[in-house]
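Everything below concerns the one structure shown next.
Nothing fancy with the numbering, it's 1 onward along the sequence.
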Amino acid sequence: MNQELAGSITELVVGVALAYSLLLSIGLTGYIGYKPHRASFKANNYELVIVSKANEKVQRSLIESIKYHVSRFGHVTLVVDEGAPLLNTLRYFKGVKLIVVPSNYRRDLMGKGRALNYFVEHFVSPDKWYVFIDDDNLILDDSFLYEIPYYEANGFVAGNGILLPRPGKSKMAYAMDWIRYIDDLTLYRFFTGLLGKPLIGLHGELLIVKGAVLKEIGFNNRSLTEDFRFAIELVKRKYKTWQSNTRISIKSPNSIRDLMIQRGRWFKGLISDIKYSPTPMKLIVGFRSFAWVLNSIISIMFFPVLIYLGLVWYILPGSLYYFASYTYGVIRSKEPYLFFLIPLFGFIEASSRIYGLIEVSDFIVIDKN
């Protein structure tokens with residue numbers, strides 16, 4: 001190996017290593033330093049909202065979510081498109097306020113964002129709080145209802161829950177999905193919670209927003225990732241956010257292919273929308289996204305070269321974070337053989353980002369049954 005190439009690899013590895021050391025420090029600070037506040041009483045000025053394509057791909061998950069939340073909270077608002085395959089079935093559920101988005105409404109918008117914007121324009125009240133969940137979500141506790149009064153009184157306008165995967169049909173996808181839980185307890189906790197600024201975005205699952213801010217911002221922009229675009233607008237307006245203590249159960253993809261489609265759409269949407277964000281958000285999101293991909297590729301593809309150059313120690317901080325996260329996922333999956341496939345997990349995640357940039361051009365609903 002010539003000296004110039006070795007020098008370039010060294011600079012790249014050291015740069016990525018420093019990036020991950022900083023991210024790990026930030027994440028650890030969030031984990032240790034943040035604890036959400038709560039009032040002594042529950043909010044009653046809230047509305048629980050499910051937005052769904054309401055087709056065969058989500059039928060079982062959607063019906064489970066509706067029945068669960070009506071039983072637990074007494075009511076739920078369901079927003080679906082006109083002509084949705086399950087529309088007639090959904091009309092007869094008790095405790096459900098059904099809102100149908102007309103087929104001729106804002107065809108310039110797409111996917112979930114289009115339905116959300118219709119709901120905001122026609123049904124949102126400025127003085128209420130709206131709690132948005134996906135059609136596979138299950139809210140596991142009511143901490144967020146005690147938090148809303150406290151944060152409303154202190155000028156906060158939006159919050160997010162902590163994602164907790166539950167198994168789909170693929171044990172591998174389920175194990176990989178636990179990285180989202182670990183990220184929530186570290187990086188998202190730091191930015192959304194401790195800093196009060198969603199500089200790496202927000203989840204669409206358990207997205208808690210004050211009605212007045214929904215009316216102000218809306219979901220007027222065509223986007224593959226409407227939650228990320230909404231976070232951009234919050235940051236631009238310097239609104240404050242919190243991370244709720246509430247866990248929200250999410251259904252893991254039923255196959256690795258579905259996981260790659262899901263991750264690919266997120267990454268394509270993020271890359272498409274990041275140009276609208278303030279400079280600090282551009283730097284943090286871009287830094288995190290590409291450093292993650294580079295760390296995965298370098299760790300997997302160039303491991304022998306790193307040994308030869310004596311650079312293995314530099315990639316350890318970032319590699320250990322993801323190795324520990326995936327190991328936790330394997331433990332939760334109760335499938336020990338997946339431990340030997342952990343090196344493949346990072347490759348799949350990195351590949352899904354490349355897949356998203358090349359193949360994804362529309363909002364895709366994966367199978368959640």
Side-chain angles (χ1 to χ4, degrees), residues 5 8-10 12-21 23-24 27 163 165 167-184 186-187 200 224-225 250 252-271 285-309 311-333 335-360 364 366-367:
L5 178 59
S8 298
I9 293 175
T10 300
L12 178 62
V13 171
V14 171
V16 171
L18 290 174
Y20 263 97
S21 294
L23 284 175
L24 289 173
L163 306 182
K169 295 176 183 176
S170 170
K171 290 288 189 178
M172 183 184 293
Y174 173 61
M176 292 177 64
D177 233 12
W178 281 92
I179 190 70
R180 302 183 69 192
Y181 173 70
I182 302 300
D183 278 350
D184 268 357
T186 54
L187 293 173
I200 57 173
L224 287 167
T225 46
I250 58 171
S252 291
N254 284 328
S255 68
I256 293 300
R257 180 178 181 275
D258 279 350
L259 182 142
M260 292 185 68
I261 292 171
Q262 180 193 67
R263 305 297 207 256
R265 177 178 68 81
W266 294 344
F267 191 66
K268 180 68 172 285
L270 184 151
I271 295 302
V285 172
F287 177 71
R288 177 177 179 245
S289 300
F290 289 102
W292 192 94
V293 173
L294 283 172
N295 189 77
S296 298
I297 293 172
I298 289 169
S299 300
I300 295 166
M301 298 183 65
F302 298 103
F303 193 73
V305 177
L306 298 178
I307 293 176
Y308 175 77
L309 295 175
L311 299 174
V312 171
W313 295 105
Y314 287 97
I315 66 166
L316 277 182
S319 298
L320 284 174
Y321 175 79
Y322 285 99
F323 182 79
S325 300
Y326 287 142
T327 298
Y328 183 70
V330 169
I331 293 170
R332 294 300 298 252
S333 75
E335 296 289 352
Y337 75 91
L338 290 175
F339 179 81
F340 300 101
L341 300 180
I342 286 178
L344 186 61
F345 292 2
F347 181 76
I348 291 170
E349 291 275 16
S351 299
S352 69
R353 285 150 173 77
I354 298 169
Y355 171 84
L357 291 175
I358 297 172
E359 296 292 336
V360 175
I364 302 170
I366 62 171
D367 180 10

Counting only pairs under 3.5 Å, give me each side-chain donor-acceptor contact of residues 171-178, with atom names and distances, residues two or more places apart or in other chains.
{"from": "D177", "atom 1": "OD1", "to": "R263", "atom 2": "NH1", "distance (Å)": "3.2"}
{"from": "D177", "atom 1": "OD1", "to": "R263", "atom 2": "NH2", "distance (Å)": "2.9"}
{"from": "D177", "atom 1": "OD2", "to": "S252", "atom 2": "OG", "distance (Å)": "2.9"}

Item to check | Minimum side-chain heavy-atom gap V330-P336 below 4.5 Å | outcome: no
Checklist outcome for this item: side-chain contact (heavy atoms from CB on, under 4.5 Å) filter on I182, not counting sequence neighbours, yields Y321, S325, Y328
Next on the checklist: Using every non-hydrogen atom in the two residues, find where V285 and I200 come nearest and quote the distance to one decimal.
Outcome noted: CG2-CA, 3.9 Å
Item to check | Sequence-distant partners of D258, salt bridge (Lys or Arg N to Asp or Glu O under 4.0 Å), two or more places apart | outcome: none
Next on the checklist: If I take atom CD1 from residue I271 and atom CG from residue L224, how far apart are they, to the nearest 0.5 angstrom?
Outcome noted: 12.0 Å
Checklist outcome for this item: When rounded to the nearest 0.5 Å, the distance separating CD1 of I348 from CZ of R257 is 14.0 Å
Checklist outcome for this item: To the nearest 0.5 Å, atom OG1 of T327 lies from atom CD1 of I342 at 3.5 Å
Checklist entry - Between I179 and Y326, which heavy-atom pair has the shortest distance, and what is it? => result CB-CE2, 4.1 Å
Item to check | S170 and I256: CA distance, side-chain angles, deciding distance, side-chain contact (heavy atoms from CB on, under 4.5 Å) verdict | outcome: CA-CA 7 Å; S170 170; I256 293 300; 4.3 Å; yes
Checklist entry - With sequence neighbours excluded, what pairs up with F340 under the side-chain contact (heavy atoms from CB on, under 4.5 Å) test? => result none
Item to check | Between CG on residue L163 and CZ on residue R180, distance to nearest 0.5 Å | outcome: 5.0 Å
Item to check | Nearest-0.5 Å distance, CG of residue L270 to CH2 of residue W266 | outcome: 11.5 Å
Item to check | Ring-ring centroid check F339 F345, cutoff 6.0 Å | outcome: no
Item to check | Test log, rule side-chain contact (heavy atoms from CB on, under 4.5 Å), inputs K169 and S255 | outcome: CA-CA 7 Å; K169 295 176 183 176; S255 68; over 6 Å; no
